[in-house]
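Data block below; observations after.
Just so you know, these numbers come straight off a predicted model, no measurement behind them. Proteins come first, then strands; the chains are lettered A, B, ... in the order of their sequence lines, and each starts at number 1.
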Protein chains: 2
Amino acid sequence: MTTPCHACPLRQNPAFEDFTPQELAFMERFKIGELTIEPGRTILMQGAQSPQFYTVLRGQGLRAKTLEDGRRQVISFVLPGDLVGLQAMVMREMQHSVEASTEVTLCVFDRAGLWDLFSSQPQRAYSLTWLSAVEENFLGETVATLGQRDAVQRIAWALVRLHDRLTQLDLSVDGWVPMPWRQQDLADAMGLSLVHTNKTLARMRAERLAIWQGRRLALPAREMLAELAAVEVEGTQPRPLL
Amino acid sequence: MTTPCHACPLRQNPAFEDFTPQELAFMERFKIGELTIEPGRTILMQGAQSPQFYTVLRGQGLRAKTLEDGRRQVISFVLPGDLVGLQAMVMREMQHSVEASTEVTLCVFDRAGLWDLFSSQPQRAYSLTWLSAVEENFLGETVATLGQRDAVQRIAWALVRLHDRLTQLDLSVDGWVPMPWRQQDLADAMGLSLVHTNKTLARMRAERLAIWQGRRLALPAREMLAELAAVEVEGTQPRPLL
DNA sequence: CGCTTCTTTGACCCTTATCAATGGCTGTGG
DNA sequence: CCACAGCCATTGATAAGGGTCAAAGAAGCG
């Protein structure tokens, strides 16, 4: 039993732009189904082609690239509202994998419908480009983090970013946000070894800057952490959905 | 005296998709002028808003982010055909600067025309999204490089990528491609110190893997370098323009 | 309850950063 | 035409941040 777009829990969130009734009607037609993936499973495999693309309705995951020699780089963490698989639409195939870290529910759209979207729904097409640009911008920040910041700053940056986004998504409960990833994932995202990541987290925990345990995260001193990592303040304008 | 789109030197290049006559006509109207920037000057400043955006017609530059404490991260190198300033369109403002490394000529487009593009030229809008996705993909690869590869591999990766793109753009002369950047730029791009970058380049030069001098670059052993860096083979499908 | 997966901790070492000069090229002005 | 300034490339010496190895706890799960 799928969630109809008019009842989409994401659209209720002020962090996302609202739809006009026409857009809503279009999306209801455009969405061809829902897909649920178990935690730990792969949503899209690096190198795969896909006749569909997705939007995350519920759950969390990550994008990762595997290099030839087996090393893994986590490109970004995937949260509700994120687009998944646009890559496979315009490039021949996915250049990275997407994995589910919790159970993930995806809205499914057909590749064939994309042309329809561009020709009949310019506003939706613009939103798509917007989302792509937002992601590009975020990756730019990631590049800056990996290139310029040391281990403490990298981890602080990642935690603040995740914490902020999860909070915006209303996933915060009593100051705790869900943190379903493994330390290895964070290490792979920040280009650090697991060991060093663990030791750095331990230090931050001792200083009561970030407490991550039991798959949840709390930042008792979010501001201090943000300053430590020199996280850029982010405009809180609503981002488009799909 | 500006270059009319029908005589655009980039479109002649098979690396780029061709236009239909209608698209061509639209672009001629959409392009409101040309802008030439001297080497060393800033095209767009981090934090700036811009009523226009650009496409690079000639010349080379770079995108860079400056952190609060003055450290600089080069996000990517900018070559002909690249889009510049889309960021400022959809986000409030530029999150990075764009600098000219040589004299750069830009095609200028008006922000106001963008809506027109989306509503009347779905194919162009799709191309815009495509370009954005290509850039996103490239940044993903950059993240993987900074996160997982050591100094030699990073530099090899960057040189191969630049060499390949410049060659595709027909900028190669006798195996030499233009390399107008400073070692400091490459160091800032790869998250390495200038000193270490220099020493690594010296070693590669000694091994006749990469010869970079006098603002040009030759890769006598491109394949060996590519293997060294584990550069992914890239589909050579034409990319869209604008 | 035993197995597997993930986290934690200690010891050691290597890659890369930092510091400090020198050398080279280019343009400008006396 | 030479001297000087400025920018960039080059090189050597030293130090540190983070990687690697190894092994022991915790914690989830069938």
If I take atom [atom1] in residue [X] and atom [atom2] in nucleotide [N], what distance separates them, rounded to the nearest angstrom?
| X | N | atom1 | atom2 | answer |
| --- | --- | --- | --- | --- |
| A:L194 | D:dG19 | CG | P | 10 Å |
| B:R203 | D:dA9 | CZ | P | 17 Å |
| B:M204 | D:dT10 | CE | C1' | 17 Å |
| B:Q213 | D:dC8 | CD | P | 18 Å |
| B:H196 | D:dG17 | NE2 | C1' | 14 Å |
| B:L201 | D:dA9 | CG | C1' | 10 Å |

May I ask you to say what [X] touches in the nucleic acid, namely base, sugar-phosphate or nothing, with a heavy-atom cut-off under 4.0 Å?
| X | answer |
| --- | --- |
| B:L192 | sugar-phosphate |
| B:R154 | nothing |
| B:G214 | nothing |
| A:G191 | sugar-phosphate |

*Straight-line distance of B:I43 CD1 to B:R41 CZ, nearest 0.5 Å*: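 Going from CD1 on B:I43 over to CZ on B:R41, the span is 12.5 Å.
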*Supply the atom-to-atom distance B:L57 CG to B:K31 NZ, rounded to the nearest 0.5 angstrom.*
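With rounding to 0.5 Å, CG (B:L57) is 5.5 Å from NZ (B:K31).
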_Qualifying residue for side chain to side chain contact (heavy atoms under 4.5 Å, CB included) with A:L131, from A:L83, A:L241, A:L86_ =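 The passing option is A:L83.
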*In residues 172-186 of chain B, what residues come within less than 4.0 Å of DNA chain D, judged by heavy atoms?*
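Contacts with DNA chain D under 4.0 Å: B:R182, B:Q183.
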*Hey, which of A:T197, A:T200, A:N198, A:D188 is the one that makes side-chain hydrogen bond (donor to acceptor under 3.5 Å, both in side chains) with A:Q183?*
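For A:Q183, the side-chain hydrogen bond (donor to acceptor under 3.5 Å, both in side chains) check succeeds only for A:N198.
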_For the student: nearest non-hydrogen atoms of B:A229 and B:R149, plus distance_ =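 Distance-wise, the nearest heavy atoms are O-NH1, 2.8 Å.
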_Residue pair A:V56 / A:L79: nearest heavy atoms and the distance that separates them_ =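 Heavy atoms only, the tightest pair is CB-O, 3.6 Å.
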*Which residue pairs pass the ring-ring contact (aromatic ring centres under 6.0 Å, His included) test with at least one member in residues 51-88 of chain B, sequence neighbours excluded?*
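As it turns out, the ring-ring contact (aromatic ring centres under 6.0 Å, His included) pairs with a partner in residues 51-88 of chain B, which skip direct neighbours, are B:F53-B:F109, B:F77-B:W181.
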*What is the 5' to 3' range of DNA chain C, first to last nucleotide, that sits under 4.0 Å from any heavy atom of chain B?*
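Contacts span C:dT16 to C:dC19, reading 5' to 3'.
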*Might you work through the side chain to side chain contact (heavy atoms under 4.5 Å, CB included) test for B:F138 and A:L139, ending with a clear yes or no?*
CA-CA 10 Å; B:F138 179 76; A:L139 284 183; over 6 Å; no
*Do A:K199 and D:dG19 have a side chain to base donor-acceptor pair shorter than 3.5 Å?*
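Not at all, since no donor on one side and acceptor on the other fall under 3.5 Å apart.
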*Respond yes when some side-chain nitrogen or oxygen of B:N198 is under 4.0 Å from OP1 or OP2 of D:dT10, and no when none is.*
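For B:N198, the contact criterion (side-chain N or O under 4.0 Å from OP1 or OP2 of D:dT10) is met.
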*asked:* Would A:D82 and A:R165 count as a salt bridge (charged side-chain N to carboxylate O under 4.0 Å, His left out) here? Give the steps.
replied: CA-CA 11 Å; A:D82 284 2; A:R165 283 204 63 201; 3.0 Å; yes
